[in-house]
Peer 1: 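Right, I'll just put the structure down here and ask away after.
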Amino acid sequence: MATTFAHRVCPDTGLKVCRNAEALIKANAVVAIVFLAIGGLFGLLVALTRWPAVHILPADLFYLALTAHGADILIFWIIFFEIAILYFASAVLLNCRLATPRFAWLAFALMLVGALMGNVAVLQGESSVMFTSYVPMQAAPHFYLGLILFAVGALIAVFVFFGTLVVAHQEKTYEGSIPLVTFGAVAAAIIAVYTIASGAIILIPTFLWSVGLIGEIDTLTYRVVWWGLGHSSQQINVAAHVAVWYAIAALTVGSKPLSEKVSRMAFLLYIAFLPIASAHHLLTDPGLSSEFKIFNTSYAIYLAVLASMIHGMSVPGAIEAAQRRNGFTQGVFGWLRNAPWGNPAFSGMFLSVVMFGFVGGISGVVLGTEQLNLLMHNTLYVTGHFHGTVAAGTTLAFMAITYLVIPLIFRRELILKRWCKWQPYLFGIGTFGISMLMMGAGTLGVSRRHWDMTFSDATLSFDYPPAAFLMMGLNGIFAVLATIGGIMFVVIVVGSVLAGKSRDAEAAKTSPIIFQGGGATIAGHGGEATLKLPGTVTLVTVFFISFVLYYFVNWKFLSEVWPLS
Amino acid sequence: MVDQDNSPQQGAPADGDDERVPPMQAILDNPFLLLFIGVAVPAVFYTIWGIMEIAAIPIAK
Ligand code: HEM
Ligand SMILES: [Cu+2]
């Protein structure tokens, strides 16, 4: 049954690495990181403009930079990286060849051309419509065309992933079910199909409208269908970064999920219910009924929230179980104190889990509640929330796994080991800061996507409380911190790939970078056979108490701004 | 390079046999069924429902 294809056997993990998959993982990851760098710098410019004392960009450039930041970082960085993850989770984890590598390269080319075209359009200044590109604001036609090409490319890549699953199944390169990490990637890929279909349905007519072939696009229909893209793409991220958490936990401390079955069921809940939460972007839109809003954002979505909580418990629980097995049994938190905090893959992953849950998760449930949403709709609170999910959560998780991708896939040693150690903390603290501070300013009413919070040239004056100004200043400082973390990351990656010592087969023994047997764990099956996890139980209890308190505090706020008497 | 692959082999207990796979696992093992669920649910509850409500809004005179 052993089919032959060009591959090498990884000396560190023992996995078969298909040469085509390897080259495509490298290409997609490198391009992703280039867009992270560009998008991150635009993020810094945006944050410096929103720092009242600095206010660096004039209004038109502010909106240009905001559009570039959103598109480069939320769409191009994340999705290129996710395609790399899909190829890894299919071909590499299933010990299989990548299906139709030519199509995979075609996908890559389309995505790259699309992303470049989008960037050119934005930089030319005629497309400062933000990445949401709400009609009737109109961008240049090549802005939409770039997004469409990018989406077509991504769709092809997703089908290469499905094709690889079929090949692996037919050639029987794995035993039983696919591994959990691959299953998480399946969830991400499925959500991607719905996401991209929504994008095509709305962006193709919008493109035709921009060249004058269609008279008008209905604004509300645009918002409904566009958010099928805009929100669901965030759920690709969630599914993908959860898969990355499991992968890193397996590779760094040898952990298996607490219960593989339960984790799989949680991914199934993602597949069925995550994308419908798109409705939370429409909570204040007229014309849509409360039934539609509440069904999609509350009843059904709590199933998806449940799934996230399962993963949020399962990952630290699995780490605790593994660490206790590894001999760190002291007290409640001995396993955590003795975790490999100096390993950036581990520290980045753990920070991502905690911040995604506490910052992004709790604020997301609050924002997704129809009544509470009124408190902070379209304020910077929203921006704070999703920097908790996509910056501190997804981006940090992807950075963390990059620290394994460089030695394992690029076969290079990391350079600047000290920087590597500190980078996740700097980026983590920076993004934690901007998330919390934007949420704070948003609670005081500061609007998002607004160039001048002093309203200096407005006819009617309005003053935000001084605390809001203070927070936006502090936000600028944390933005600088996050940017330093981001720059360190890019320097480490580029430096290691270009100038790192090449990692030979000996190195797997002399300087191992993954936990012994981690390769078999990540590609295999089974759960930790214990639930005696006092540390995780404590963490989860703290989480629930914070969650419930914060949720009800917001209902209290609501009753104050909206008194019923 | 020659190497073994991890395919089911040498008299492993008969757990690889298809008829013993529990129904839930069989569902989870079928990515295309999952793909159908993952596209149909949001298409019906979000996209179609949403657009039907918009279509039902009376046009201003
Ligand atoms: C150096 C790190 C970062 C900084 C300093 C930063 C800062 C900001 C600021 C200040 C805003 C604008 C708020 C407003 O005026 O509405 C913003 C918006 C945004 N950021 Fe970031 N951000 C960073 C990283 C990220 C990452 C990693 C992601 C996603 C992966 C991201 C995604 C977004 C998105 C989608 C928007 C909304 C754009 C829009 O409203 O059109 N940011 N960011
Ligand atoms: Cu959303």
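Treat the numbers as computed from the prediction; the structure is a model and nothing was measured. In the text below, chain A, chain B and the rest are named by the order of the sequence lines, each starting its count at 1.
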Peer 1: Using a cut-off of under 4.5 Å for heavy-atom pairs, which of A/P275, A/A189, A/A197, A/S177 has the most such pairs with chain B?
Peer 2: A/S177
Peer 1: Heavy-atom distances under 4.5 Å only: say whether A/D285 touches chain B with side chain, backbone, both or neither.
Peer 2: neither
Peer 1: For B/F36, does the CZ atom sit with more than 12 other heavy atoms under 6.0 Å from it, leaving out its own atoms?
Peer 2: no
Peer 1: Relative to chain B, which of A/I178, A/L220, A/V186 shows the most heavy atom pairs under 4.5 Å?
Peer 2: A/L220
Peer 1: Quick one: do A/R264 and B/Q25 satisfy side-chain contact (heavy atoms from CB on, under 4.5 Å)? Show the steps, please.
Peer 2: CA-CA 9 Å; A/R264 273 177 206 266; B/Q25 189 180 345; over 6 Å; no
Peer 1: With a 4.5 Å cut-off on side-chain heavy atoms, are A/V225 and B/I51 touching?
Peer 2: yes
Peer 1: Could you tell me the separation between the CD1 atom of A/I271 and the CG atom of B/L33, rounded to the nearest 0.5 Å?
Peer 2: 9.5 Å
Peer 1: To the nearest 0.5 angstrom, please state how far the CH2 atom of A/W227 sits from the OG1 atom of B/T47.
Peer 2: 14.5 Å
Peer 1: Please state whether the side chain, the backbone, both or neither of A/L288 comes within less than 4.5 Å of a heavy atom of chain B.
Peer 2: both
Peer 1: Which bit of B/I57 is near chain A, if near means a heavy-atom gap under 4.5 Å: side chain, backbone, both or neither?
Peer 2: side chain
Peer 1: Taking all non-hydrogen atoms of both residues, which atom of B/P31 and which atom of A/I190 are closest, and how far apart?
Peer 2: O-CD1, 4.0 Å
Peer 1: Please walk me through it: do B/V41 and A/Y194 pass side-chain contact (heavy atoms from CB on, under 4.5 Å)?
Peer 2: CA-CA 10 Å; B/V41 172; A/Y194 173 73; over 6 Å; no
Peer 1: If you tally heavy-atom pairs under 4.5 Å against chain B, which of A/G228, A/S278, A/G287, A/P286 wins?
Peer 2: A/S278
Peer 1: I need the residue from A/K261, A/K293, A/H169, A/E291 with the largest number of non-hydrogen atom pairs under 4.5 Å to chain B.
Peer 2: A/E291
Peer 1: State the CG-CG distance between A/L165 and B/D29, to the nearest 0.5 angstrom.
Peer 2: 11.0 Å
Peer 1: About how many Å separate CZ of B/F32 and CZ of A/F162, when rounded to the nearest 0.5 Å?
Peer 2: 6.5 Å
Peer 1: Compare every heavy atom of A/I276 with every heavy atom of B/F45, then report the nearest pair and how far apart it is.
Peer 2: CB-CG2, 4.2 Å
Peer 1: Against chain B, label A/Y270 side chain, backbone, both or neither, depending on which of its atoms sit under 4.5 Å from a heavy atom there.
Peer 2: neither
Peer 1: Which word best sums up how the rings of A/F292 and B/W49 line up, parallel for under 30°, tilted for 30 to 60°, or perpendicular for over 60°?
Peer 2: perpendicular
Peer 1: Grab the two heavy atoms, one from A/A272 and one from B/P42, that are nearest each other, plus how far apart they are.
Peer 2: O-CD, 4.4 Å
Peer 1: Quick one, A/V224 with B/E53, criterion side-chain contact (heavy atoms from CB on, under 4.5 Å). Give me CA distance, side-chain angles, the key distance, then yes/no.
Peer 2: CA-CA 11 Å; A/V224 170; B/E53 291 205 344; over 6 Å; no
Peer 1: Between A/L282 and chain B, with a heavy-atom cut-off of 4.5 Å, which part of the residue counts as in contact: side chain, backbone, both or neither?
Peer 2: side chain
Peer 1: Can you say whether A/F267 sits under 4.5 Å from chain B via the side chain, the backbone, both, or neither, judging by heavy atoms?
Peer 2: neither
